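One structure is given here, and the rest of the page talks about it.
Throughout, protein chains are lettered first and strands after them, A, B, ... in sequence-line order, and every chain is numbered starting at 1. Because only heavy atoms are used, hydrogens play no part in the values below, and waters and symmetry mates are left out as well, while side chains stay in. All values derive from a computational prediction rather than experimental measurement.
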There are 2 protein chains.
Amino acid sequence: MANRSRRKIAEATISRLPMYLRILLELTESGVAGVSSEKIAEMGGINAAKVRKDLSYLGSYGTRGVGYEVSFLIFQIQRELGIDHEWPVVIVGAGNLGQALIGSGGFGRRSYPIVGLVDIDEAKVGSLIGSLRVGHIDELPALIASRKVAIGVVAVPGEAAQMVADRLISAGVTSILNFAPIPVSVPAGITVRQVDLACELQILSFHEQHKKKVVPWPQVLPKSVSA
Amino acid sequence: MANRSRRKIAEATISRLPMYLRILLELTESGVAGVSSEKIAEMGGINAAKVRKDLSYLGSYGTRGVGYEVSFLIFQIQRELGIDHEWPVVIVGAGNLGQALIGSGGFGRRSYPIVGLVDIDEAKVGSLIGSLRVGHIDELPALIASRKVAIGVVAVPGEAAQMVADRLISAGVTSILNFAPIPVSVPAGITVRQVDLACELQILSFHEQHKKKVVPWPQVLPKSVSA
DNA sequence: GATTGTGAAACCATTCACAGCC
DNA sequence: GGCTGTGAATGGTTTCACAATC
């Protein structure tokens with residue numbers, strides 16, 4: 001409630017909010033109640049001034065001379081990220097990747113219940129993965145409408161990605177998380193995020209190569225957060 | 001050979017090189033030989049001036065009035081990314097995610113052969129995943145030395161990530177791609193990239209939430225590339 | 001006429017440094 | 001004394017706009 005129409009949060013800050021949230025949840029689980037920007041910075045591998053500036057976008061929720069209250073910050077970040085309520089998601093593609101996303105638990109736990117898993121392959125339809133029954137892709141419109149799904153996850157091979165995205169959108173989804181290596185195009189108003197696992201490897205080998213040639217040894221590259 | 005000690009490539013540019021490579025490979029497969037910055041920009045969902053500036057870091061390989069030669073650009077980008085030769089990788093963790101990374105093919109194909117898959121769980125050791133035998137984590141040092149592995153992939157639950165990273169590093173790896181939701185800390189000289197699948201979802205729900213409240217409809221958010 | 005390559009301008013993000021507060 | 005919050009300084013990225021080239 002406090003911060004409706006505060007100054008606009010910088011895009012770079014938004015991309016770090018999930019990291020802060022992860023760190024704070026970790027602290028909470030270890031029973032820590034208060035934390036300084038210095039400590040958060042160290043845990044995240046970034047600089048303390050950045051932490052303070054980022055957190056100040058949420059509002060002035062720290063106490064000078066003391067630090068931040070962990071549980072209160074968690075609440076504020078969750079609210080900002082839109083996860084003070086749940087976001088049911090549908091996964092298209094019951095292959096290895098789809099299964100990994102379900103199995104990893106990172107999705108279902110905390111705010112993103114997986115309410116449907118569908119595939120185009122008749123052979124997979126009806127089988128069970130974890131406690132989820134694999135549905136047919138034709139069930140998408142009904143599923144999305146009945147469970148009020150806003151976010152669809154594309155976990156299919158590249159060739160099928162555009163088709164799947166189109167079907168998700170026409171079924172009513174307004175955001176897409178795409179794990180296929182081919183970007184999909186979408187009409188205005190639909191948000192897409194593209195995750196390419198191999199791309200991360202390429203950036204890594206770039207640095208690896210140049211480490212050897214340019215800076216022989218003691219260089220600390222910042223840890224990077226995806227996106 | 002042409003561009004040793006050209007001006008330093010911007011970090012933001014590096015993060016887009018994998019995208020350009022993907023686009024160019026796609027073009028090549030459709031038999032297209034020449035391309036303009038405009039076309040690349042359109043396919044990547046970005047602005048043409050950015051494409052030109054990015055590509056100019058590699059050298060002046062375009063022809064004014066004409067455009068770029070696809071195959072030559074591919075060669076240059078691959079060289080810059082360090083994938084004119086192969087980078088053998090080891091994956092630690094034979095769970096769903098490890099299997100998905102192997103199965104997706106995006107790794108093994110093109111320059112990153114998976115030369116080892118190990119797990120700490122004795123029950124999994126010895127089983128076959130695709131054509132790979134699952135090894136025991138104790139085999140890491142031998143594997144890394146004999147196959148000259150520089151990059152290790154961490155695909156284990158968060159609790160185990162730091163331990164796995166430490167073992168990879170002491171076995172001789174100098175870069176780590178971490179899929180566990182907990183960042184690992186490493187000594188200077190070791191490069192880490194952190195990929196958090198749930199983090200992408202959180203950013204998506206942030207935009208989803210604010211789309212409704214702030215910008216009601218026609219807004220095109222740029223597609224984003226992970227990292 | 002078309003398209004690149006690149007200075008210069010505009011914009012955004014990070015870091016510094018310190019006043020303000022506990 | 002310790003730590004936050006934030007203006008100001010710095011550094012990096014994107015976009016513009018146009019001369020150079022084919």
Side-chain angles (χ1 to χ4, degrees), chain A residues 2-3 6-17 19-20 23-24 27 32-70 72-73 76-77 203 220-225 227, chain B residues 2-3 6-17 19-20 23-24 27 32-70 72-73 76-77 203 220-225 227:
Chain A
N3 82 339
R6 179 162 297 280
R7 65 201 188 291
K8 194 162 151 286
I9 300 192
E11 194 65 29
T13 296
I14 294 165
S15 75
R16 282 186 297 265
L17 290 181
M19 182 190 69
Y20 295 133
I23 289 171
L24 292 165
L27 285 171
V32 179
V35 68
S36 68
S37 60
E38 190 67 54
K39 174 76 179 162
I40 295 176
E42 186 207 313
M43 292 180 72
I46 60 176
N47 156 315
K50 202 191 283 189
V51 173
R52 291 200 297 278
K53 188 140 264 184
D54 283 344
L55 295 182
S56 78
Y57 280 114
L58 305 175
S60 298
Y61 297 138
T63 310
R64 291 167 199 225
V66 180
Y68 301 91
E69 191 194 325
V70 175
F72 190 65
L73 264 192
Q76 291 301 333
I77 294 177
I203 294 174
V220 189
L221 290 163
K223 286 173 202 169
S224 44
V225 186
Chain B
N3 82 339
R6 179 161 297 282
R7 65 203 187 290
K8 191 162 154 286
I9 301 191
E11 193 66 26
T13 296
I14 295 165
S15 74
R16 283 186 296 267
L17 289 180
M19 181 189 71
Y20 294 133
I23 289 171
L24 292 164
L27 285 169
V32 178
V35 68
S36 66
S37 59
E38 190 68 54
K39 174 74 178 162
I40 295 176
E42 186 206 315
M43 291 179 73
I46 60 175
N47 156 313
K50 201 191 285 187
V51 173
R52 291 201 296 278
K53 188 139 265 183
D54 283 344
L55 294 182
S56 77
Y57 280 114
L58 305 176
S60 297
Y61 298 137
T63 310
R64 293 169 196 224
V66 179
Y68 301 89
E69 192 195 324
V70 175
F72 190 66
L73 264 192
Q76 291 301 334
I77 294 177
I203 294 174
V220 188
L221 290 164
K223 287 172 202 167
S224 42
V225 185

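- The two residues Y68(B) and L73(B) come nearest to each other via the heavy atoms CB-CD1, 3.6 Å.
- Atom C1' of nucleotide dT6(C) and atom CG of L55(B) are separated by 14 Å, given to the nearest angstrom.
- We find that CD of E69(B) is positioned 16 Å from C1' of dT3(C), with the value rounded to whole Å.
- Atom OH in Y61(A) sits about 14 Å away from atom C1' in dG5(D), given to the nearest Å.
- As rounded to whole Å, 14 Å separates atom P of dT6(D) from atom CD1 of I9(A).
- You'll find the side chain of I46(A) reaches within 4.5 Å of the side chain of Y20(A), heavy atoms only.
- Contacts of V32(A) classified as side chain to side chain contact (heavy atoms under 4.5 Å, CB included), with partners at least two apart in sequence or in another chain: L27(A), S30(A).
- Using a 4.5 Å heavy-atom cutoff, the side chains of I23(A) and V35(A) are not in contact.
- Put simply, OH on Y20(B) is 14 Å from C1' on dT4(C), counting in whole angstrom units.
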Where along nucleotides 12-20 of chain C does protein come under 4.0 Å, by heavy atom, of base (B) or sugar-phosphate alone (S), with - for untouched nucleotides? -SSBBB-BB

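- Nearest approach of A41(B) to N47(B), heavy atoms of both residues: CB-C, 3.7 Å.
- Within the 4.0 Å cut-off from OP1 or OP2 of dT4(D), at least one side-chain nitrogen or oxygen of S37(A) is found.
- Annotation: the span from L58(B) atom CG to I77(B) atom CD1 amounts to 6.0 Å, rounded to 0.5 Å.
- Rounded to an integer number of Å, the gap from K8(B) NZ to dG12(D) C1' is 10 Å.
- Contact annotation: Y68(A) side-chain N/O to dG5(D) OP1/OP2 distance is under 4.0 Å.
- In this structure, L73(A) atom CG and dC3(D) atom C1' are separated by 14 Å, rounded to whole Å.
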